[in-house]
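Note that the structure is predicted; figures quoted are calculated from it, not measured.
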Amino acid sequence: MTSAGRLLPVSLWCLLAVSAPAMAGTQTRDEAVADWDAHGRRAGLAAPDTQCQDFLQALGRKPDTLEYLGCEQDDASYIKPMTARYRVSGASAVQVETYLHDTFGLPLLRYACCGWSSGAPYVWRAGMDSVSYEIGMGVESLHYPREAWARIPAFDITVGVTRQSP
């Protein structure tokens with residue numbers, strides 16, 4: 001056997017030894033869905049193949065006065081979050097605040113320091129096997145009372161999901 005003939009099996013073995021650990025960390029789509037079905041669903045994670053989208057529209061719970069601005073997805077982050085962004089005019093903000101409170105249980109906005117906010121991240125879930133949605137509403141503004149929210153140009157609303165446990 002030539003020296004080249006002896007090096008080929010050794011080279012192939014080295015290639016497999018180096019690439020096997022890297023390949024072990026990857027999952028096929030079916031494996032990822034099976035793992036989500038076994039663990040992620042109960043944890044409230046969105047399915048691995050969930051598309052970044054207008055989540056309120058997908059839930060069938062989007063008020064007409066909300067303007068969908070788009071969705072951002074961060075696959076580089078360990079938890080793989082997706083966040084849909086919305087805007088509502090100050091004139092319609094009281095109605096949307098009430099709707100989000102009545103529909104999802106979002107706390108009513110409170111003024112602190114520099115703006116109106118629903119406070120700490122709020123999570124809503126329709127049931128034990130459903131996705132957890134993180135919902136927030138707020139705006140940085142002067143301290144106008146609710147009756148004067150029409151003086152505020154717009155409020156921001158976010159609805160986010162995660163696709164992987166921390």
Side-chain angles (χ1 to χ4, degrees), residues 25 27 29-166:
Q27 287 185 317
R29 182 197 173 286
D30 290 340
E31 290 169 334
V33 170
D35 184 50
W36 170 78
D37 208 26
H39 308 287
R41 180 189 303 266
R42 191 172 320 121
L45 300 175
D49 56 354
T50 298
Q51 299 294 312
C52 203
Q53 60 187 306
D54 180 341
F55 294 120
L56 293 177
Q57 182 70 38
L59 286 167
R61 298 179 181 205
K62 181 181 169 192
D64 292 336
T65 54
L66 274 188
E67 176 188 1
Y68 173 63
L69 301 175
C71 189
E72 299 167 358
Q73 132 178 3
D74 184 1
D75 288 337
S77 170
Y78 183 73
I79 61 172
K80 300 191 182 324
M82 290 188 266
T83 305
R85 300 196 181 287
Y86 304 86
R87 182 179 351 190
V88 62
S89 71
S92 298
V94 170
Q95 292 86 2
V96 169
E97 175 198 33
T98 300
Y99 174 82
L100 294 174
H101 177 72
D102 293 347
T103 305
F104 300 106
L106 184 73
L108 296 175
L109 276 61
R110 295 174 45 169
Y111 192 86
C113 170
C114 313
W116 288 94
S117 172
S118 54
Y122 176 77
V123 177
W124 175 82
R125 199 169 173 184
M128 290 302 294
D129 279 347
S130 64
V131 174
S132 294
Y133 293 89
E134 188 174 297
I135 305 170
M137 180 175 176
V139 64
E140 189 174 315
S141 76
L142 297 174
H143 189 198
Y144 296 114
R146 272 187 173 73
E147 302 78 37
W149 277 5
R151 296 177 65 185
I152 300 172
F155 285 68
D156 298 314
I157 297 165
T158 58
V159 178
V161 299
T162 57
R163 293 173 287 148
Q164 191 164 308
S165 288

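- Sorted by first and then second residue, the disulfide bond (SG atoms under 2.5 Å apart) pairs with a member in residues 29-68 read C52-C71; sequence neighbours excluded.
- Between the E140 side chain and the G115 main chain, no donor and acceptor come within less than 3.5 Å of each other.
- With hydrogens and angles ignored, the 3.5 Å screen pairs a side-chain donor or acceptor of Y86 with a backbone N or O of L56.
- Side-chain atoms of E97 come within 3.5 Å of backbone N or O of L109 as a donor-acceptor pair.
- In this structure, the side chain of S92 does not engage the main chain of S89 through any donor-acceptor pair within 3.5 Å.
- Checking W116, Y144, Y111 one by one against W149, the ring pair (Phe, Tyr, Trp, His ring centres under 6.0 Å) holds for a single residue, W116.
- Between the OH atom of Y99 and the NZ atom of K62 there is a distance of 11.0 Å, given to the nearest 0.5 Å.
- With rounding to the nearest 0.5 Å, the separation of CG in L69 from CD1 in I157 is 9.5 Å.
- More than 12 heavy-atom neighbours from other residues, nucleotides or ligands sit within 6.0 angstrom of CZ on R146.
- Side chains of R163 and W36 form no contact here, defined as non-hydrogen atoms less than 4.5 Å apart.
- Contact annotation: the side chain of T65 never approaches that of Q95 to less than 4.5 Å [non-hydrogen atoms, C-beta and beyond].
- Between the side chain of H101 and the backbone N or O of L106, at least one donor-acceptor pair lies under 3.5 Å.
- Sparse packing is recorded around CZ of R42, with 12 or fewer heavy atoms of other residues, nucleotides or ligands lying under 6.0 Å away.
- At distances below 3.5 Å, not a single donor-acceptor pair connects side-chain atoms of R87 with backbone N or O atoms of E67.
- Interatomic distance, F104 CZ to I135 CD1, rounded to the nearest 0.5 Å: 5.0 Å.
- Evaluation of the salt bridge (charged side-chain N to carboxylate O under 4.0 Å, His left out) rule for K80 yields no partner, not counting sequence neighbours.
- Atom CG of residue L66 and atom CG of residue D54 lie 8.5 Å apart, to the nearest 0.5 angstrom.
- Side chains of V131 and F55 form no contact here, defined as non-hydrogen atoms less than 4.5 Å apart.
- Between L142 and R151 the shortest side-chain heavy-atom distance does not fall below 4.5 Å.
- Residues V161 and A46 approach most closely at CG2-CB, 3.9 Å, considering heavy atoms.
- Here the closest non-hydrogen pair linking S141 and I152 is OG-CD1, 3.6 Å.
- Atom CZ of residue R61 and atom CH2 of residue W124 lie 4.0 Å apart, to the nearest 0.5 angstrom.
- With S118 contributing its side chain and M137 its backbone, the two residues share a donor-acceptor pair below 3.5 Å.
- Atoms CD and CD, on Q53 and Q73 in that order, are 10.5 Å from each other to the nearest 0.5 Å.
- The two residues A43 and S132 make their nearest non-hydrogen contact at O-OG, 4.3 Å.
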